[in-house]
Amino acid sequence: MSTAAFRPKSDFLAALLERGYVHQCSDLEGLDARAKAGELTAYIGYDCTAPSLHVGHLLSIMMLSWLQRTGGGKPIPLMGGGTTRVGDPSGKDETRKILTIEMIDANKAAIRNVFSKFLTFGAGKNDAVMADNAEWLTKLNYIEFLRDVGRHFSVNRMMSMDSVKLRLERDQELSFIEFNYMCLQAYDFVELNRRYGCIAQMGGSDQWGNIVTGIDLGRRMGTPQLYALTAPLLTTASGAKMGKTAAGAVWLEADMLSPYDYWQFWRNAEDGDVGRFLRLFTFLPLDEIARLEKLGGAEINEAKKVLANDATALVHGAAAADLAAETARKTFEEGVAAATLPTISVPRSELDAGLGVLTAFVRAGLVGSTGEARRQVKGGGLRVNDQPVTDERAALDAGQMVDGAIKLSLGKKKHVLLRAD
RNA sequence: GGGGGAAUGUCCCGAGCGGCAAAGGGGGCGGACUGUAAAUCCGCUGGCUUAGCCUUCGUAGGUUCGAGUCCUACUUCCCCCA
């Protein structure tokens, strides 16, 4: 369906469309009417494959938040406590490793708390509800499930779905357990409708097939009309997948990625992405965003700071965002070591004995091995207290401490303070 | 069941006459230029106590002074025939 010509009547869809959250929708008008009436209960499912969500998930969390703050209805984040045990084959060319149930439960527990920063939970009409499909999926009886639910699935149609077709065309293995994933996800939709009157599922564009399968199952099993809404896959202006680097994903949990590094991630956004990111990842009014987006040349950096501050405040709180901004200002604009940079400590005795520079950088986690440290020295990438390291045999000692710490830097952006204890 | 092919630097893709720490990409990291951006150019991209040593080419053996390369068995994947 074309989204361009559509004129939404609900604040919810208006916000989503204006800000660029919508990729595909099964029925914009129908969804719009329900949101206008404030009756749109919608869910998004989250896999429990890692102990933290990352920026890729943020887009969908924002959608749930918009649903609540525009009064369009009730958001339901669904933990995939059950479906993660099976594994989603969508967009994967290989069978995913099966996680142990203990790992899944641990991940689930870690993931849950992010949502409290974006949603208000409770029993009220617009209050969010946390669900977990392990609650119903693990209790299913195989025979009953096949009779009640399985008979509604057409294998012929499932074979034609992208996620399945891709594997078959490439002659890659698609195990039975994965083939069942979409049945379970479809059943989730029906179950959430029964439990909470949920009528819409949102998600990334890769989830379209799974969502539509759920709608179809709902029709056959007698639910009211269900709706699908997907968000675009995010890439940076230069075409790279967003939020994934070799160093790791941009996690939302502070113990997986510090608020300072999270702030830096947004601060380093490409020029061409700033406007889009402001619309998608902050709640700033659109006219304000339009003003920031127009800044040219070096002034765009002001917009990037706003982006970094707001995006960090949403996930880690305003205080952490301010601290990160202040640390960055001192580090980059004044060249002073701020006290809040990531810190490591070494025993005082070790420092007094003279700690090798290479070892120090490895300890700080800035490089992976002394070999890498050597190479960085040759390339001029390492600095101690802002002085380039030229001699790889040099040693650090207490005499180099400035305000009780030695500042180690890799490149221009990565800094760690070394303290003695 | 029969026949043929494949597995390479623990990010990915991919070359590799028996002398190999192993071509080339992509990605990543660093440098220069800038604005903590992009683009461009340059360097790096197994480990260590670095004139040297150690460990890597699906697994296990074998031939050889020497094996990613040859032989045998096994594992996994793909193709063709039944």
Side-chain angles (χ1 to χ4, degrees), chain A residues 91-95 97 166-175 235-250 260-278 292-309 311-312 324-338 341-342 350 353-384 386-395 408-416:
Chain A
K92 306 279 189 307
D93 13 350
E94 324 185 324
T95 301
K97 284 197 184 99
L166 192 77
R167 293 277 190 89
L168 295 179
E169 276 170 5
R170 295 188 190 169
D171 285 308
Q172 281 163 334
E173 166 108 345
L174 177 69
S175 69
T235 54
T236 67
S238 47
K241 250 186 270 172
M242 200 185 130
K244 289 265 187 181
T245 66
V250 180
Y260 173 74
D261 286 330
Y262 188 78
W263 192 93
Q264 284 293 326
F265 168 76
W266 295 105
R267 174 63 243 266
N268 286 316
E270 295 175 30
D271 289 8
D273 287 329
V274 175
R276 196 159 52 105
F277 285 0
L278 281 167
L292 290 166
E293 198 175 11
K294 259 187 267 166
L295 295 173
E299 289 189 333
I300 190 89
N301 283 323
E302 293 310 309
K304 290 186 187 180
K305 285 178 199 167
V306 173
L307 172 65
N309 286 341
T312 305
E326 179 59 13
T327 301
R329 196 183 63 76
K330 279 190 181 154
T331 309
F332 289 99
E333 295 176 24
E334 293 177 17
V336 183
L341 282 173
E350 206 170 342
L355 179 65
V357 260
L358 302 181
T359 312
F361 275 92
V362 174
R363 292 276 188 84
L366 289 169
V367 293
S369 66
T370 56
E372 188 186 340
R374 279 199 178 84
R375 280 177 235 124
Q376 291 293 5
V377 169
K378 285 191 195 117
L382 300 187
R383 277 167 297 130
V384 172
D386 298 312
Q387 295 303 309
V389 177
T390 49
D391 177 11
E392 58 184 48
R393 283 168 212 262
L408 306 178
S409 310
L410 168 67
K412 283 178 287 200
K413 300 179 189 173
K414 293 172 195 152
H415 311 277
V416 169

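Letters A, B, ... are given to chains in the order of the sequence lines, protein chains preceding strands, and every chain is numbered from 1. What's counted below: heavy atoms across the whole structure, side chains too, no hydrogens, waters or symmetry copies.
Partners of A:A269 by side chain to side chain contact (heavy atoms under 4.5 Å, CB included), not counting sequence neighbours, listed by chain and number: A:F277, A:L307. Partners of A:V357 under the side chain to side chain contact (heavy atoms under 4.5 Å, CB included) rule, at least two apart in sequence or in another chain, are A:V384, A:V389, A:A394, A:L396. Listed by chain and number, the residues in a side-chain hydrogen bond (donor to acceptor under 3.5 Å, both in side chains) with A:E372 amount to none (sequence neighbours excluded). Scored by the side chain to side chain contact (heavy atoms under 4.5 Å, CB included) test, A:A364 finds A:I344, A:L366, A:L408, A:V416 as partners (sequence neighbours excluded). Taking A:E299 as the reference, nothing meets the salt bridge (charged side-chain N to carboxylate O under 4.0 Å, His left out) condition, with sequence neighbours excluded. Residues that satisfy the side chain to side chain contact (heavy atoms under 4.5 Å, CB included) test with A:E326, not counting sequence neighbours, are A:R329, A:K330. Partners of A:K414 according to the side-chain hydrogen bond (donor to acceptor under 3.5 Å, both in side chains) rule, which considers only residues two or more places apart in sequence or in another chain, do not exist here. Partners of A:T312 by side-chain hydrogen bond (donor to acceptor under 3.5 Å, both in side chains), not counting sequence neighbours: none found.
Between A:T370 and B:U49 there is a side-chain N or O to OP1 or OP2 distance below 4.0 Å. A close approach under 4.0 Å does not occur between any side-chain nitrogen or oxygen of A:S369 and OP1 or OP2 of B:G46.
Residues of residues 355-366 of chain A having a heavy atom closer than 4.0 Å to RNA chain B: none are found.
Counted by atom type alone, A:W263 and A:N309 present one or more donor-acceptor pairs between their side chains at under 3.5 Å.
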Name every donor-acceptor pair, under 3.5 Å, that has one atom in a side chain of residues 376-383 of chain A and the other anywhere in the protein, sequence neighbours excluded.
from	atom 1	to	atom 2	distance (Å)
A:R383	NH2	A:G411	O	2.2

N/O-N/O pairs, protein side and nucleotides 54-57 of chain B side, under 3.5 Å:
none

The contact string for nucleotides 31-36 of chain B, one letter per nucleotide 5' to 3', using protein heavy atoms under 4.0 Å with B, S and - for base, sugar-phosphate only and none, comes out as S--BBB
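For B:C20, the O4'-C1' to base torsion is within 90° of 0; the nucleotide is therefore syn.
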